[in-house]
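Treat the numbers as computed from the prediction; the structure is a model and nothing was measured. Just so we're on the same page: letters track the sequence lines, and every chain starts at 1.
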Amino acid sequence: MLKRSVYISILVLFCLSCSNEDIGHEPTPQPLDIPTLFFDNIIAPIIPTDNPQTVEGVALGKKLFFDTILSANGTQACASCHSPQNAFSDNTPTSDGIDGIFGTRNSMPLFNLAWNYGERFNWDGMALSLERQALEPVENPIELHSNWEDVVIRLQTHPEYPELFRLAFKTSTITKELTTKAIAQFERTLISTNSKFDRYSLGETTLTTQELNGLDVFLREDKGDCFHCHGNPNNPLWTDNIFHNNGLDTTFSDLGLGGVTGDPNDNGKFKSPSLRNLAYTAPYMHDGRFNTLVEVINHYSEGLQNSPTIDPLMKQIDIGGVQLSNQDKADLIAFLLSLSDPSFINNPAFQN
Amino acid sequence: MKSKFHEYKKINKNDMSKTVFALLLVALIGFVSCSDSDGVTSSTQVFTTFKFTHNWDGTPVNHSDFSTFQYTNANGDLLSIETLRYVVSDIILTTSSNENLVFDVYNLVDVTHANNLSFTPQILIPKGSYNVSFTFGFDNEDNAKNYLDLNSESFNVPDMLGGGYHYMQFDGKFINADDAEQGFNYHVIRAVDNPGMNPTFPQDTFITVNLGVINITDDPEIEVQMNIAEWFKNPNLWDLNDFNQTLMPNSTAQIMMSENGQNVFSLGDVTQ
């Protein structure tokens with residue numbers, strides 16, 4: 001009995017000594033609501049065991065995502081370059097940071113990120129998890145140009161954040177790791193599966209003849225042959241989430257994946273972006289060089305540039321590409337636009 | 001994870017009685033082996049591991065050898081390998097009394113990323129002597145199923161090309177007749193004619209690979225060797241200048257691939 005009293009006393013002292021720890025509150029689990037189309041066709045999303053989705057974590061992540069507190073001068077947030085109305089991308093070829101300096105890469109749209117099974121993020125695959133991805137832009141001198149020590153201090157002295165962190169992570173002691181965990185939780189909720197084509201796949205609507213012809217162009221190996229890199233009706237992610245040199249340049253000012261791996265065979269390779277929500281994500285390619293889908297398709301049809309690392313899936317490079325007819329191009333664009341999801345960009349849960 | 005594990009499937013498609021017998025035999029042994037009070041599985045049953053290795057006429061090939069022009073095919077074309085992944089399925093162990101144990105499994109061997117080069121179906125089998133065979137690709141019944149992991153890998157074949165899945169994606173580059181680098185996509189699928197709404201299938205192109213008889217005495221590791229050079233060699237001397245890309249809708253090419261694939265695989269070392 002005496003021993004028991006001693007144990008209890010020690011426990012009480014331990015609790016008192018850790019006043020920032022909240023052992024009474026448990027965050028409310030909020031598992032991802034997996035859409036039927038994904039559940040029926042692709043494997044489960046990647047949720048880190050050390051960062052489960054919770055109501056409080058997602059809410060905190062959302063607040064952080066839209067908060068300019070992460071930037072050095074309080075003028076920009078994650079959402080500045082990842083706007084809901086642009087499917088969490090932006091509408092310029094590259095993005096300017098807080099100092100008005102433009103970077104070299106197009107802002108990647110954000111959706112269905114939990115289904116990136118390889119967990120390589122960014123155009124070049126630099127970030128090896130969603131949590132790690134969120135670390136870099138805060139300190140990047142041409143993005144939020146802050147530093148995490150200052151950010152943590154600002155968050156820690158904020159009237160609301162310590163309590164929100166306590167609710168989400170059972171501690172009001174804020175760290176950069178917890179900050180990016182919360183942002184990642186919010187980002188994983190950005191799920192887009194309600195395009196016209198999704199409803200067609202579910203038997204809820206029909207496609208126009210032109211859209212169906214465009215799907216045919218997309219899937220035919222002797223026409224567009226887009227499916228080898230950009231998915232198919234059975235892979236509704238519409239990307240393979242891996243890295244290809246798609247024949248943009250003969251030499252590379254941006255090495256892409258090669259700059260990360262150091263392997264010259266990876267030079268000029270960039271992640272295949274999803275073809276969902278193209279209606280909202282122009283301009284296109286890793287450097288935003290193409291303003292329209294017409295330009296993109298013309299590239300694959302007649303504009304391929306050869307280089308040592310060009311993907312062997314690229315066809316007829318000697319004549320610039322797959323030589324689609326104007327009708328094929330128009331049909332293909334009609335199909336591609338059927339992959340856009342207006343309910344995603346207007347989802348109230350994703351707005352500031 | 002790309003491997004699917006199931007219990008025994010349609011054992012011996014031609015002889016259901018043997019199938020049932022085999023199932024009962026395995027189940028009985030399973031019960032006996034699990035009756036030990038200490039919970040330790042009896043050594044009368046073993047797991048089989050299949051280790052997939054790759055070579056070019058005897059020279060080992062792994063992903064670190066990719067993207068370099070260093071292989072010359074039987075036609076004399078210098079080539080590089082950039083992507084190599086393929087499906088094996090329906091591993092069949094046949095006893096000396098002609099009973100078949102079928103592992104209703106599949107495995108996507110991804111040499112490019114060195115994934116699933118070793119595959120252990122989670123099925124115990126009795127020790128003994130078996131003829132071991134498997135299917136390269138999928139038989140037509142299995143090819144019509146929906147595999148979430150293969151969908152996630154974008155391994156599908158479009159419906160207008162017959163649907164289902166690639167049996168193999170083998171991409172690379174070769175030096176063509178104009179002395180220029182050119183891509184090739186040696187993609188093996190179920191041969192199809194009349195691509196479109198109502199495709200037709202001229203003949204099966206999945207391959208039954210027979211590794212021969214193996215005496216299984218303990219948890220064995222069975223090496224399955226793929227000689228990549230064979231895809232270009234026999235009986236069809238493959239000229240990449242003629243057959244390089246857009247081969248999926250080309251049933252002639254698909255049938256030639258299937259013919260050449262008959263001698264691609266062989267049994268390597270068996271360790272146990």
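For chain A, the nearby part of N146(B) is the side chain; its heavy atoms alone come within less than 4.5 Å. At a 4.5 Å heavy-atom cutoff, the contact between M160(B) and chain A is made by side-chain atoms alone. In this structure, chain B has a heavy atom under 4.5 Å from the side chain of N265(A), while its backbone stays farther away. For P308(A), the part sitting under 4.5 Å from any heavy atom of chain B is the backbone (N, CA, C, O) and nothing else. In this structure, chain A has a heavy atom under 4.5 Å from the backbone of F66(B), while its side chain stays farther away.
Note on L237(A), D240(A), N232(A), D222(A): by heavy-atom pairs under 4.5 Å with chain B, the leading option is N232(A). Contacts with chain B were tallied for I317(A), L313(A), D216(A), D40(A); L313(A) has the most, counting heavy-atom pairs under 4.5 Å. Considering only heavy-atom pairs separated by less than 4.5 Å from chain A, the leading option among K173(B), Q169(B), E82(B) is K173(B). If you tally non-hydrogen atom pairs under 4.5 Å between each of N306(A), I310(A), D263(A), D311(A) and chain B, the highest count goes to I310(A). If you tally non-hydrogen atom pairs under 4.5 Å between each of Q316(A), M314(A), K315(A) and chain B, the highest count goes to K315(A).
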Exercise for review: In sequence, state the C-alpha distance, the side-chain angles, and the governing distance for N227(B) and D57(B), and then conclude on side-chain hydrogen bond (donor to acceptor under 3.5 Å, both in side chains).
Suggested key: CA-CA 6 Å; N227(B) 181 358; D57(B) 283 337; 3.0 Å; yes
Check your understanding: When you look at D198(A) and T193(A), which way does the side-chain hydrogen bond (donor to acceptor under 3.5 Å, both in side chains) test go after all the steps?
Key -> CA-CA 6 Å; D198(A) 294 327; T193(A) 52; 5.2 Å; no
Practice item. Go through Y300(A) and N246(A) one step at a time and tell me if the side-chain hydrogen bond (donor to acceptor under 3.5 Å, both in side chains) criterion holds. Key: CA-CA 8 Å; Y300(A) 289 110; N246(A) 62 342; 2.9 Å; yes
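Within 6.0 Å of the CZ atom in F243(B), the count of heavy atoms belonging to other residues, nucleotides or ligands exceeds 12. Other residues, nucleotides and ligands contribute at most 12 non-hydrogen atoms within 6.0 Å of the CZ atom of F39(A).
Of the options N115(B), N116(B), D110(B), a side-chain hydrogen bond (donor to acceptor under 3.5 Å, both in side chains) to H113(B) is made by D110(B) and by none of the others.
A salt bridge links K329(A) to E302(A): one of the charged nitrogens lies within less than 4.0 Å of a carboxylate oxygen.
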